[in-house]
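Residue numbers start at 1 and run along the sequence shown.
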Amino acid sequence: MRRAVYPGSYDPVTNGHLDVVARASKLFDEVIVAVMVNKNKQTLFTVEERMDMLREVTEQWPNVRIDSWHGLLVDYCKANDIASIVKGLRAVSDFDYELQMAQMNQQLSGVETLFMAANPLYSFLASSLVKEVATYGGDVSSLLPPLVERRVVQRLAERA
């Protein structure tokens, strides 16, 4: 079985993330979307909330599973018999960072990283940018699945 993990914080999951999920689901028998826990990041949603949203917005792909992990991604791959990591690249700046990480992961574990170029419609899209725009009342409806947009707006209203 060809399995891959698509890691990220997904705070919140965007249409750009879902584009990579859709494309990866055609290449692998199973794609695990892993919500990575990073204590250094200030998040809008808990890990459980992010996982719930991901489950809802990925239900159209039967070979996609949602999970979470705290620690090194290569340890997750080893524990779950995963040989491939999928990463989306939006710009050259992403490539510089992701290449170093891919090489480190390969050195540590032999796990390979596959880069997917972002769909040009989403090449500017980042969760942090979406949160910033939404915080100031900007329209993010074209950037997020409707379910996620509602939850972002609601959470920001709760915090205001």
Side-chain angles (χ1 to χ4, degrees), residues 1-90 94 97-98 100-102 104-106 108-109 111-116 118-119 122-135 140 143-156 158-159:
M1 178 182 263
R2 295 170 304 148
R3 302 173 76 214
V5 62
Y6 177 38
S9 61
Y10 304 107
D11 188 53
V13 59
T14 68
N15 290 337
H17 292 130
L18 294 180
D19 180 65
V20 172
V21 169
R23 291 161 53 205
S25 74
K26 294 175 185 173
L27 300 173
F28 294 94
D29 298 316
E30 183 179 37
V31 176
I32 298 96
V33 179
V35 176
M36 302 301 288
V37 178
N38 183 342
K39 291 184 180 182
N40 297 325
K41 280 193 173 183
Q42 190 80 342
T43 60
L44 191 59
F45 297 101
T46 67
V47 170
E48 293 76 20
E49 289 171 326
R50 288 179 270 160
M51 290 177 67
D52 287 343
M53 283 187 281
L54 279 161
R55 280 187 197 98
E56 289 185 55
V57 299
T58 62
E59 65 187 3
Q60 63 188 304
W61 299 291
N63 63 330
V64 172
R65 184 168 59 87
I66 310 303
D67 203 358
S68 68
W69 184 256
H70 178 269
L72 291 176
L73 181 59
V74 293
D75 291 340
Y76 180 85
C77 291
K78 184 177 180 181
N80 291 279
D81 193 31
I82 296 170
S84 302
I85 299 168
V86 172
K87 294 299 220 103
L89 297 178
R90 297 168 294 194
D94 285 348
Y97 175 75
E98 295 294 350
Q100 287 180 320
M101 192 177 305
M104 178 64 77
N105 287 339
Q106 206 283 328
L108 289 172
S109 66
V111 173
E112 294 293 345
T113 300
L114 298 127
F115 297 126
M116 295 186 114
N119 179 323
Y122 307 118
S123 63
F124 65 92
L125 190 51
S127 294
S128 57
L129 184 57
V130 168
K131 287 186 286 192
E132 185 174 349
V133 170
T135 297
V140 294
L143 311 174
L144 303 171
L147 161 95
V148 176
E149 180 199 10
R150 286 190 302 274
R151 292 191 185 166
V152 167
V153 170
Q154 179 183 3
R155 179 58 47 88
L156 291 172
E158 291 168 0
R159 290 190 173 184

Exercise. Stepwise, does the side chain to side chain contact (heavy atoms under 4.5 Å, CB included) test hold for Asp29 with Asn63?
Worked result: CA-CA 6 Å; Asp29 298 316; Asn63 63 330; 5.9 Å; no
Test item: [X] and [Y] side chains (from C-beta on) under 4.5 Å apart, heavy atoms:
| X | Y | result |
| --- | --- | --- |
| Val5 | Trp69 | no |
| Leu156 | Leu44 | yes |
| Ser9 | Asn38 | no |
| Leu18 | Val13 | yes |
| Met53 | Tyr10 | no |
| Trp61 | Val31 | no |

Quick one: [atom1] on [X] to [atom2] on [Y], what's the gap to the nearest 0.5 Å?
| X | Y | atom1 | atom2 | value |
| --- | --- | --- | --- | --- |
| Arg55 | Asp67 | CZ | CG | 8.5 Å |
| Asp52 | Arg50 | CG | CZ | 11.5 Å |
| Met104 | Thr113 | CE | OG1 | 12.0 Å |
| Arg90 | Glu98 | CZ | CD | 9.0 Å |
| Gln154 | Arg151 | CD | CZ | 8.0 Å |

Under the salt bridge (charged side-chain N to carboxylate O under 4.0 Å, His left out) rule, collect the residues that match up with [X], sequence neighbours excluded.
| X | answer |
| --- | --- |
| Arg3 | Glu30 |
| Arg150 | none |
| Glu149 | none |
| Glu158 | Arg155 |

For this session: Begin with the C-alpha distance, continue with both residues' side-chain angles, and end with the deciding distance and a verdict on side chain to side chain contact (heavy atoms under 4.5 Å, CB included) for Leu89 and Asp94.
Result: CA-CA 6 Å; Leu89 297 178; Asp94 285 348; 3.8 Å; yes
Problem set entry | N/O donor-acceptor pair under 3.5 Å between Asp19 side chain and Ala118 backbone |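 Side chain of Asp19 to backbone of Ala118, a donor-acceptor pair under 3.5 Å: no, none is there.
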Exercise. Looking only at atom types and distance, does a side-chain atom of Thr43 sit under 3.5 Å from a main-chain N or O of Thr46, one as donor and one as acceptor?
Worked result: no
Shortest non-hydrogen contact from [X] to [Y]?
| X | Y | result |
| --- | --- | --- |
| Ser68 | Met51 | CB-SD, 3.5 Å |
| Cys77 | Ile85 | SG-CG1, 4.0 Å |
| Pro145 | Thr14 | CD-C, 4.3 Å |
| Tyr6 | Gly88 | CE1-N, 4.2 Å |

For this session: May I ask you to check whether over 12 heavy atoms, not counting those of Gln100, lie within 6.0 Å of atom CD?
Result: no
For this session: If a pair satisfies salt bridge (Lys or Arg N to Asp or Glu O under 4.0 Å) and one of its residues is in residues 71-81, list it, with sequence neighbours excluded.
Result: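 Sorted pair list comes back empty.
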For this session: Given side chain to side chain contact (heavy atoms under 4.5 Å, CB included), test Thr58 with Ile66 step by step and report yes or no.
Result: CA-CA 9 Å; Thr58 62; Ile66 310 303; 3.7 Å; yes
Exercise. Run the side chain to side chain contact (heavy atoms under 4.5 Å, CB included) check on Leu73 and Met101 step by step: do they pass?
Worked result: CA-CA 10 Å; Leu73 181 59; Met101 192 177 305; 6.0 Å; no
Kindly list each side-chain donor-acceptor pair under 3.5 angstrom involving residues 123-134, sequence neighbours excluded, with atom names and distances?
unit_1: Ser123; atom_1: OG; unit_2: Pro120; atom_2: O; d: 3.3
unit_1: Ser127; atom_1: OG; unit_2: Pro12; atom_2: O; d: 2.6
unit_1: Lys131; atom_1: NZ; unit_2: Asp11; atom_2: O; d: 3.1
unit_1: Lys131; atom_1: NZ; unit_2: Asp11; atom_2: OD2; d: 2.8

